[in-house]
Number of protein chains: 2
Amino acid sequence: MVRLANAATVAAAHPGSCFIEEGEPATAFFNITAGTAKLFKLLPDGRRQITGFVSVGHFLGLAVSDTYAFSAEAIDEVRYCRFSRPRLRTLLDDFPLMEKRLLEVASNELVAAQEQMLLLGRKTARERLASFLIMQSRQGAACQAPRQRFALRMTRSDIADYLGLTIETVSRTLTRLRTEGLIEIPSVAEIAITRPAALGQLAGGLT
Amino acid sequence: MVRLANAATVAAAHPGSCFIEEGEPATAFFNITAGTAKLFKLLPDGRRQITGFVSVGHFLGLAVSDTYAFSAEAIDEVRYCRFSRPRLRTLLDDFPLMEKRLLEVASNELVAAQEQMLLLGRKTARERLASFLIMQSRQGAACQAPRQRFALRMTRSDIADYLGLTIETVSRTLTRLRTEGLIEIPSVAEIAITRPAALGQLAGGLT
DNA sequence: CGGAACGTTGACTCCTGTCAATTTGGGTGG
DNA sequence: CCACCCAAATTGACAGGAGTCAACGTTCCG
């Protein structure tokens with residue numbers, strides 16, 4: 001862990017380790033600088049809902065609440081900057097542009113959250129997977145065209161908990177999409193979209 | 001419609017009318033001054049997901065996107081201030097505190113959205129209704145204790161589309177909660193929580 | 001080679017959705 | 001004032017999609 005001049009610290013989280021725990025006092029604000037993490041909430045009996053995957057550039061821990069509203073677990077090696085809350089406040093005062101940027105980010109995440117609510121509340125398993133695969137195909141290709149083939153950086157269990165399904169349903173549904181010729185599965189962690197238009201149709205008017 | 005000095009307009013929407021339509025060019029920013037509206041997204045075949053209910057004080061249309069990401073329909077008579085986008089920008093420049101406030105609001109809404117994702121993705125119908133009723137019992141009583149008895153300002157159809165269920169399941173589940181003695185239903189639009197602790201338990205560790 | 005975590009597949013169950021009939025309640029007009 | 005109407009809500013019967021439980025396959029390290 002490195003301490004910087006402005007009291008921010010740089011740290012890392014190993015795959016599988018949590019660097020934010022839901023319910024803990026929200027003492028800090030994070031900025032991911034490398035790697036990917038999953039954000040999730042748990043029910044008392046262990047059911048889990050992954051609310052998003054975050055990677056380089058993402059901000060975490062904005063909430064005004066005094067405790068974190070979700071947990072964050074590293075998927076691969078994650079590096080991040082950590083700002084104490086008071087330090088964040090002075091940062092925002094010193095750099096008003098940062099506030100603008102944070103507002104933009106939060107607004108975009110709200111839009112994404114609403115899209116995910118539509119998926120979780122109203123889409124079938126097939127539609128959820130179709131939507132998810134299309135989303136993934138665009139991941140990290142913000143400025144370019146979606147890639148026809150890409151790697152899934154998460155397990156079936158993570159996909160299931162993100163889509164509100166079980167791992168069995170995820171597996172079966174992927175198999176079905178494959179047998180129907182909409183996708184190919186070169187390896188467990190790779191997907192190739194063979195009929196993007198049909199998949200988009202299934203997803204319900206792509207986002 | 002009244003035009004103010006700073007180019008904002010004051011307007012109203014009658015019950016059932018949409019004052020924001022998903023997909024339309026996002027030309028404005030709204031601030032609700034009276035009434036309640038529902039926000040929702042539609043799938044091509046008409047399936048609907050209500051992403052939230054908003055009332056006095058809420059801000060709408062923040063998104064950076066060039067089209068609205070959701071529709072807004074008035075439940076009762078809604079009054080609102082409408083700012084054009086350029087005007088919003090000058091407003092934010094003139095009143096930096098407003099930006100801080102918007103960021104707070106957006107952060108809180110993100111937390112609520114994540115809670116709703118947990119509900120939609122992982123909770124059973126019973127748990128969804130329990131969570132919903134507890135949430136409603138706190139509505140508009142931000143600073144006070146939750147009310148033991150309250151009015152539902154929306155139809156069963158709205159509740160269903162908010163919770164990702166059908167109206168039949170909402171109806172049946174409410175009936176069951178009543179016969180089990182957790183709640184009473186003095187009239188179709190009123191609920192009394194008779195066993196708050198048990199209902200909270202069911203909801204899965206209240207928010 | 002062996003074991004463990006992850007993934008796939010099958011058989012069966014059940015919660016919720018679908019379809020349909022009936023009841024309730026609020027508003028309107030005779 | 002009351003009968004009527006229509007939308008909303010409730011209730012029932014049935015069906016189906018996704019969950020559960022379990023067996024089997026695969027991959028990857030130790």
Side-chain angles (χ1 to χ4, degrees), chain A residues 14-16 38 43 45-50 73 75-76 119-133 151-180 183-191 202 204, chain B residues 14-16 38 43 45-50 73 75-76 119-133 151-180 183-191 202 204:
Chain A
H14 301 301
K38 52 195 174 198
L43 285 172
D45 64 1
R47 278 174 288 172
R48 182 178 72 156
Q49 177 65 40
I50 292 182
E73 179 183 322
I75 290 181
D76 48 19
L119 180 150
L120 293 171
R122 288 301 180 212
K123 289 185 182 178
T124 65
R126 272 167 68 78
E127 293 166 341
R128 293 183 200 200
L129 261 302
S131 305
F132 174 73
L133 292 178
L152 292 177
R153 285 184 293 275
M154 65 286 288
T155 66
R156 296 290 187 270
S157 177
D158 286 343
I159 297 173
D161 284 349
Y162 181 57
L163 299 179
L165 301 170
T166 60
I167 53 178
E168 291 94 332
T169 297
V170 169
S171 184
R172 270 190 269 266
T173 304
L174 284 177
T175 299
R176 187 163 156 217
L177 291 176
R178 176 171 56 73
T179 63
E180 292 171 344
I183 64 173
E184 284 170 11
I185 310 180
S187 79
V188 264
E190 275 182 313
I191 297 286
L202 221 193
Chain B
H14 301 299
K38 52 194 174 199
L43 285 172
D45 64 1
R47 277 173 289 172
R48 183 178 70 157
Q49 179 65 41
I50 292 182
E73 179 184 322
I75 291 182
D76 48 18
L119 180 150
L120 293 171
R122 287 302 180 211
K123 289 185 182 178
T124 66
R126 273 166 68 77
E127 293 166 340
R128 291 183 201 199
L129 261 302
S131 304
F132 174 73
L133 292 178
L152 293 176
R153 287 185 291 275
M154 64 289 285
T155 66
R156 296 288 187 273
S157 177
D158 287 344
I159 297 173
D161 284 348
Y162 181 58
L163 299 180
L165 301 170
T166 60
I167 54 177
E168 292 94 331
T169 298
V170 169
S171 184
R172 269 190 269 268
T173 306
L174 284 177
T175 299
R176 187 166 156 214
L177 290 176
R178 177 171 55 73
T179 62
E180 293 171 343
I183 64 173
E184 285 170 9
I185 310 180
S187 79
V188 266
E190 275 182 312
I191 297 287
L202 221 193

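Predicted model, so just to flag it, every value in this text is computed and none were measured. So that the names make sense, note that chain A is the first sequence line, chain B the second, and so on, each numbered from 1.
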If we only count heavy atoms from C-beta on, is the A/L165 to A/L129 side-chain gap below 4.5 Å?
yes

Using every non-hydrogen atom in the two residues, find where B/G164 and B/L120 come nearest and quote the distance to one decimal.
N-CD2, 3.8 Å

Taking five pairs at each terminus, the helix from C/dC1-D/dG30 to C/dG30-D/dC1 shows an axis bend, to 10°, of 30°

Atom CD1 of B/I185 and atom P of D/dT10: how far apart are they, to the nearest Å?
6 Å

For B/R122, what residues pass the salt bridge (charged side-chain N to carboxylate O under 4.0 Å, His left out) criterion, not counting sequence neighbours?
A/D161

Which heavy atom of A/Y162 sits nearest a heavy atom of A/Q49, and at what distance?
O-NE2, 3.1 Å

On DNA chain C, reading 5' to 3', which nucleotide is the first and which the last to sit with an atom under 4.0 Å from a heavy atom of chain A, could you check?
C/dG7 to C/dA11

What one-letter contact string describes nucleotides 13-30 of chain D from 5' to 3', where B marks a base within less than 4.0 Å of any protein heavy atom, S marks contact via sugar-phosphate atoms alone, and - marks no contact?
B----SSBBB--------

Within the structure provided, determine whether A/L119 and A/E127 are in side-chain contact (heavy-atom separation under 4.5 Å).
no

Return the set of residues passing side-chain contact (heavy atoms from CB on, under 4.5 Å) with B/R126 (not counting sequence neighbours), or none when no residue passes.
B/T124, B/T173, B/R176, B/L177, B/E180, B/L202

CD (B/E184) with more than 12 external heavy atoms under 6.0 Å
no

With sequence neighbours left out, what residues match B/R172 under salt bridge (charged side-chain N to carboxylate O under 4.0 Å, His left out)?
none

A/L174 and A/L133 have their tightest heavy-atom pair at CD2-CD1, 4.0 Å

With no hydrogens and no angle check, is any side-chain donor or acceptor of B/R156 less than 3.5 Å from a backbone partner on B/V188?
yes

